[in-house]
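Note sheet for the following structure.
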Amino acid sequence: MHCRVEPFFGMSVDLPWGQGARVAKARNTKAKPGAEAISDAGDSRSPLDKRRRKQSLRRVLAFLLAIVILVEAVYIGRWVQVRWSLAQARRLIEEMEYELASEQLAKAARWSPENAEVQLQLAKTYRHANKSREFDVHLKEAKRLGADPKQVRHENELMIAQSGFFDTDRGNLFDVIDGGAATDEEATDIYDAMARGYLAAYRLGDALRCLDYWINWNPDTVLGHFHRADVHYRMGNLRNSMQDYEYVLGQVPNHYETNMRVGRVLQDSNAIDRAVKYFEKARPLKPESVEAKLPLAECDLLLNNQERAQDLAKELLEEKLTDYQRAFALELLGRIDLRQGNFVDAVKYLEEAVELAPEDSEITYTMGRVLRSLGETDRAQYYIDYSQKQKELDLRVRDLSSDLIDQPENMDYRYELASILWQRRLYEPASRWLTTILAIDPEHEPSHRLISEWYAMTGKPELSRKHAEKAMLLSTRPRDSGENPSGG
């Protein structure tokens with residue numbers, strides 16, 4: 001018997017039954033699903049090729065896994081860097097190194113540009129540094145990125161308070177502390193903002209009480225001791241001021257501003273040789289600043305180190321200086337030439353100094369002395385008389401500042417002080433005093449009128465117009481009979 005086997009490639013073959021059955025059986029065996037025979041028949045690759053394919057697949061999977069791990073590592077690494085920068089910034093704020101703190105946070109902002117916490121901390125740092133424009137920019141950005149509205153509002157209230165504007169409608173920030181709702185960090189911020197605000201408003205008694213409460217609660221606060229030293233200095237308590245500044249330097253010995261202030265306290269105490277040490281220490285801490293060179297040159301002259309005083313003053317003239325700083329350096333050179341008998345050179349220096357700072361009694365007096373040495377009696381007397389008038393104004397400013405310690409609400413004293421400064425062309429400090437008046441008495445018409453001129457001078461026409469209109473309105477509206485414009 002024969003059986004027909006299905007053709008291969010269109011061919012049919014007749015085989016004897018036995019042989020055909022065996023072929024069919026073999027074909028049926030190869031067709032069983034899952035049988036090893038089917039993979040062998042359908043895959044002609046060698047075992048080596050199959051092993052290589054498995055190895056390639058493992059490599060691809062390992063590569064993909066490595067990418068996932070790398071992405072996670074980068075993300076975690078940036079998160080760690082941001083947290084570290086935030087912690088460093090908080091530490092630097094406690095040490096009053098606001099510029100370094102802002103640099104740390106700027107790095108964090110580059111690593112995490114959409115991080116609301118970083119923007120909020122930047123706003124806080126600029127608040128501590130009294131940079132209101134930068135504060136506003138970062139606080140708005142923090143709000144845009146979804147920062148807690150309560151924290152944003154709190155930062156804004158702190159900025160208003162530390163500017164000297166105590167808005168009673170917002171409630172006293174001290175109530176937050178008294179109510180026990182504030183964390184230690186929040187309580188510190190409140191004490192700091194209120195103390196700064198009292199200082200800005202020249203309410204020294206309130207500032208001192210605030211700082212005493214703060215330091216009693218936290219004796220280790222560097223910032224609290226720093227502010228209290230400033231209050232003591234303004235009150236004329238140089239010994240107490242020195243004690244607080246020494247505490248600050250014990251914690252942050254390389255703080256530039258504290259070293260400068262200690263030098264000034266010692267200079268005012270006539271401890272000139274000790275003052276020099278602190279001015280010398282401050283110079284390398286902020287080498288780009290000229291502030292340390294000015295008092296250092298004066299101290300050298302007082303200690304008869306004329307050569308170094310002269311070198312420092314000449315170095316200063318090569319720097320970018322304010323009018324007052326340049327006048328100060330020129331006056332030092334004039335004094336040195338006066339001592340050395342170089343009267344003609346001294347006059348050249350002093351003429352420019354007088355032009356830059358005619359309100360300075362020391363400069364005009366030195367000019368009078370030099371002209372007297374040259375025999376120009378009439379001119380000399382003019383400058384000496386003018387210097388005496390300026391000294392009388394200096395004494396009046398000092399007396400008014402002292403009286404305001406006990407009578408901070410006296411608007412007449414404040415306005416007289418601002419007017420003296422304005423008369424002497426010291427417009428910026430005059431404007432600060434006018435601001436303190438309006439913070440206490442928003443209806444003080446003369447202050448609105450004068451500060452309108454200040455804003456016009458500084459290119460702020462909208463603010464100038466606003467205060468001019470307010471002054472005009474107040475001038476046509478009589479005050480209530482119960483109001484006391486003097487506050488005393």
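Side-chain atoms are counted along with the backbone in the values below, which use heavy atoms only and exclude waters and symmetry mates.
No side-chain donor from either of Q423 and E359 sits under 3.5 Å from a side-chain acceptor of the other. N130 and Q162 share a donor-acceptor pair across their side chains, judged by distance under 3.5 Å alone.
Remark: D394 pairs with S361, R424 by the side chain to side chain donor-acceptor pair (under 3.5 Å) rule, at least two apart or across chains. Legend: residues meeting side-chain contact (heavy atoms from CB on, under 4.5 Å) with E376, ordered by chain and number and at least two apart, are L371, L374, R379. Y427 is linked by a ring-ring contact (aromatic ring centres under 6.0 Å, His included) to W422, counting only residues two or more places apart in sequence or in another chain. Residues passing the side chain to side chain donor-acceptor pair (under 3.5 Å) test with R369, sequence neighbours excluded: none. By the side chain to side chain donor-acceptor pair (under 3.5 Å) test, S452 is found to be paired with S464, residues two or more places apart in sequence or in another chain being considered. E95 pairs by the side-chain contact (heavy atoms from CB on, under 4.5 Å) definition with R91, L92, E97, V252, not counting sequence neighbours. Among residues two or more places apart in sequence or in another chain, the side-chain contact (heavy atoms from CB on, under 4.5 Å) test is passed with P113 by none. Contacts of K140 classified as side-chain contact (heavy atoms from CB on, under 4.5 Å), with partners at least two apart in sequence or in another chain: none. Not a single side chain to side chain donor-acceptor pair (under 3.5 Å) links K143 to another residue, sequence neighbours left out. By the ring-ring contact (aromatic ring centres under 6.0 Å, His included) test, Y415 is found to be paired with H444, residues two or more places apart in sequence or in another chain being considered.
A donor-acceptor contact shorter than 3.5 Å links the side chain of T188 to the backbone of D184. Judged purely by atom type and a 3.5 angstrom limit, S431 uses its side chain to pair as donor or acceptor with the backbone of E428. Remark: the backbone N or O of E291 is not paired with any side-chain donor or acceptor of R283 at under 3.5 angstrom. When atom types are taken as modelled, the side chain of Y245 and the backbone of H225 share no donor-acceptor pair closer than 3.5 angstrom.
For residues 255-314, the set of pairs meeting the ring pair (Phe, Tyr, Trp, His ring centres under 6.0 Å) definition, not counting sequence neighbours, comprises F226-H255.
Considering only heavy atoms from C-beta on, Q381 comes within 4.5 Å of R372 through its side chain. Using a 4.5 Å cut-off on side-chain heavy atoms (C-beta onward), Y233 and V265 make contact. Looking at M96 and E257, their side chains never come closer than 4.5 Å, going by heavy atoms from C-beta outward.
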Under 3.5 Å, which donor-acceptor pairs do the side chains of residues 118-126 form with other protein atoms, sequence neighbours left out?
unit_1, atom_1, unit_2, atom_2, d
Q119, OE1, H138, ND1, 2.8
K124, NZ, E185, OE2, 2.6
K124, NZ, D189, OD2, 3.0
T125, OG1, Q121, O, 2.8

